[in-house]
Every structure is written in C-alpha cells, then in structure tokens.
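Predicted model only: the values in this text are computed from it and were never measured.
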Amino acid sequence: MQAWQVHELGEPGEVMRLAEAERPTPGEGQVLLRVRAANINFPDALMCRGHYQVRPPLPFTPGVEICGETEDGRRVIANPALPHGGFAEYAVADAAALLPAPEALDDAEAAALHIGYQTGWFGLHRRAGLEAGETLLVHAAAGGVGSAAVQLGKAAGATVIGVVGGAAKAAVARELGCDVVIDRREQDVVAAVKEATGGRGADVIYDPVGGQAYAQSAKTVAFEGRIVVVGFASGSIPSPALNHALVKNYSILGLHWGLYNTKNPKLVQHCHEQLTGLAARGAIKPLVSERVPLAGAADAVQRVADGVTTGRVAVLPAPENGAAS
C-alpha cells in the first residue's frame, strides 16, 4: 500500500515521504480499516516536529482522524492506532473505539466531525456549560477547531463573536454563522469585543491559539465568564495571572479531549450521538475547504501548520465514494 512516513523529525513538508509499505497488522482488539478520508489536524504537524504530547516511534505515519471502511463494509470514524496513522491507504484502530459515520455526511465531512467537534462539544457544554443567550467568543474562528466551535455555539443558541486574521478568513467566519466577526489584523480585538457586548465581555471564550489571543481573552471575559484553553496554535503558552482571575471572577478551564477516551469513554459515545443528531438536522456540517489526493498530503499538512488554510483539509487516498449510502 501507499503510505506517508516520517523517518526524522522536522517540518511536515520536508520530512513526510510517500512510500510503498506493508499493510499494518491489527493487534489484539484492533481492526484493519481501508481509509476513505483522513482529516488533517494541527497535531499531525506537531507530531512531525516532535512537539506533540504523543511521540510515536520512527518511522511513523501521521493522520489521527479518519473515516474508514471495515472489512465487512461499514463506514466508521476512527482515531488510528499510531504509528500506523491515516495518511495511507490502510490503517488500524481499536475496535472498541469505532464510531458509526453519520449518514448525513460524506467521507471527508465524516472524517472531520470527530476530534474538532468532540473538542468543541466537551469544551462548550461539559466544561464551560454554555447556555442559550450567552455570548461566545471563538479565536481562530475560520480554522478547523474554531469553525466547529462556531457551529456548535450557534446550535446551542449563543451569540457568537469570531476572531480571525485576514479578510478571506473573515468571509469564511461570516458564512459559518458568526454574529460578529473581528479581523485581528485590522481591528483592536479588545475594543471590538467590548463594543459588541456593550462593555460586558464574553461569557465563554474558546481559545485554541494561546499567546496574544489568551491575553485578549483575559481582558474581554465577562463577570463569571469561562475561558476554555484548547491549544496553543500560536506556539506560545501563556502564563495566566491568577490574581486577575480572582479579581474579575472568571474561570480558566483546561480541555484535553483525548483524556476522555480513557477516563470516560461512554461520554465520548454520548457526544457522538449528540453530534450525529445535530448533523442529521443540518445544525452542524464540517467545513471541508479542500480535498486533496494522497500524493498531496505532505504539502497540505504543511499549509495547515503554517495557518494558511480555513476549515478542514481532507486527504482522500482513493476517489471519494460520495455521500453515505
């Protein structure tokens, strides 16, 4: 089979190599899956660089989120068991963790439903307790993680403010349903949020960026607001001033979604059922901005790493099978 392999750590575009490889052999409790679509996530780039908390042995195949097909023909969503990731024609995954691919979504959309939307659902509902009528601020609102949070926030009845970088991403954020869009390259984010909220600030802030975005969050969070720390795409990990959180009465909530797979897997299943229902009625639909062939995976991962993409980029090892049958 064809598979992308990383033999040394570095930038994805430089260290990912497409090669002929043996089909992976499933271990105990695992299944072999034919990859129908693999979604690119920022952790794929971090893994190539050796900067992610999971460090598979070299050589490894990146790709942590797929829509695959079992040997008996079922469409499923899975997180491949590394080092045999999803940027290949076949991958392996734990049988107990397979989730049915929603019929309302095609392969690329289904592959993009899992990590970003689960993270959004857990962050907004499980951790922050977002309620209808509240104001949600989403940093990097046009990106893969942010776009999911925007849709989930709107589905929950929140007013959504999206922060983006650049006019093209601002247009995407508007199409996603943001009530207010702030272009951080052209506007003062703090002033714009205060203006949009009448000086009150945002009840929930969803931050996959860190760095300057977190500093803006601390200045714009409302009384009894909640800042959900999802990641550090900026590469800068902030050091929150806890005295500031005390004085302004706000909460700082960490979210590592992967931990639920081991600590409370039944909640992951429940979340998937909720997401499937939202997708069935059209309340959420993953924004797949690009669908690239397997040969284009390394370049696509690099572009995601560089922050120049919107929504999700999907890798299709074989011609797309179309909508679910």
Distance-only polar pair, side chains of [X] and [Y], donor-acceptor under 3.5 Å:
| X | Y | result |
| --- | --- | --- |
| Tyr250 | His244 | yes |
| Gln118 | Tyr260 | no |
| Gln5 | His7 | yes |
| Tyr90 | Arg23 | yes |
| Glu224 | Asn249 | no |

Check: Does some side-chain heavy atom of Leu99 sit less than 4.5 Å from a side-chain heavy atom of Val76?
Finding: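 In short, these two side chains do not touch, never coming nearer than 4.5 Å.
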
Next item on the list: Report yes or no: do Val288 and Ile66 belong to one cluster of Ile/Leu/Val/Met/Phe/Trp/Tyr joined by side chain heavy-atom distances under 4.5 Å?
Entry: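 Per the 4.5 Å side-chain linkage, Val288 and Ile66 are not co-clustered.
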
Margin query: If hydrophobic clusters are built from ILVMFWY residues whose side chains come within less than 4.5 Å, do Ile115 and Leu267 share one?
Written below: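 Looking at the clustering, Leu267 is in the same group as Ile115.
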
Any ion pair linking [Y] and [X] (charged N to carboxylate O, less than 4.0 Å)?
| X | Y | answer |
| --- | --- | --- |
| Lys169 | Asp183 | no |
| Arg226 | Glu134 | yes |
| Glu89 | Arg34 | no |
| Asp106 | Arg75 | no |

Notebook entry, point to check: ring-ring contact (aromatic ring centres under 6.0 Å, His included) between Trp121 and His272: does it pass, once the steps are laid out?
Noted result: CA-CA 9 Å; Trp121 188 90; His272 183 67; over 10 Å; no

Next item on the list: Start with the C-alpha distance between Lys285 and Glu109, add both sets of side-chain angles, then the distance that settles salt bridge (Lys or Arg N to Asp or Glu O under 4.0 Å), and finish with yes or no.
Entry: CA-CA 7 Å; Lys285 185 182 179 70; Glu109 293 164 346; 3.0 Å; yes

Item checked: Tyr214 ring center near His139 ring center (under 6.0 Å) ->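 No, too far apart.
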
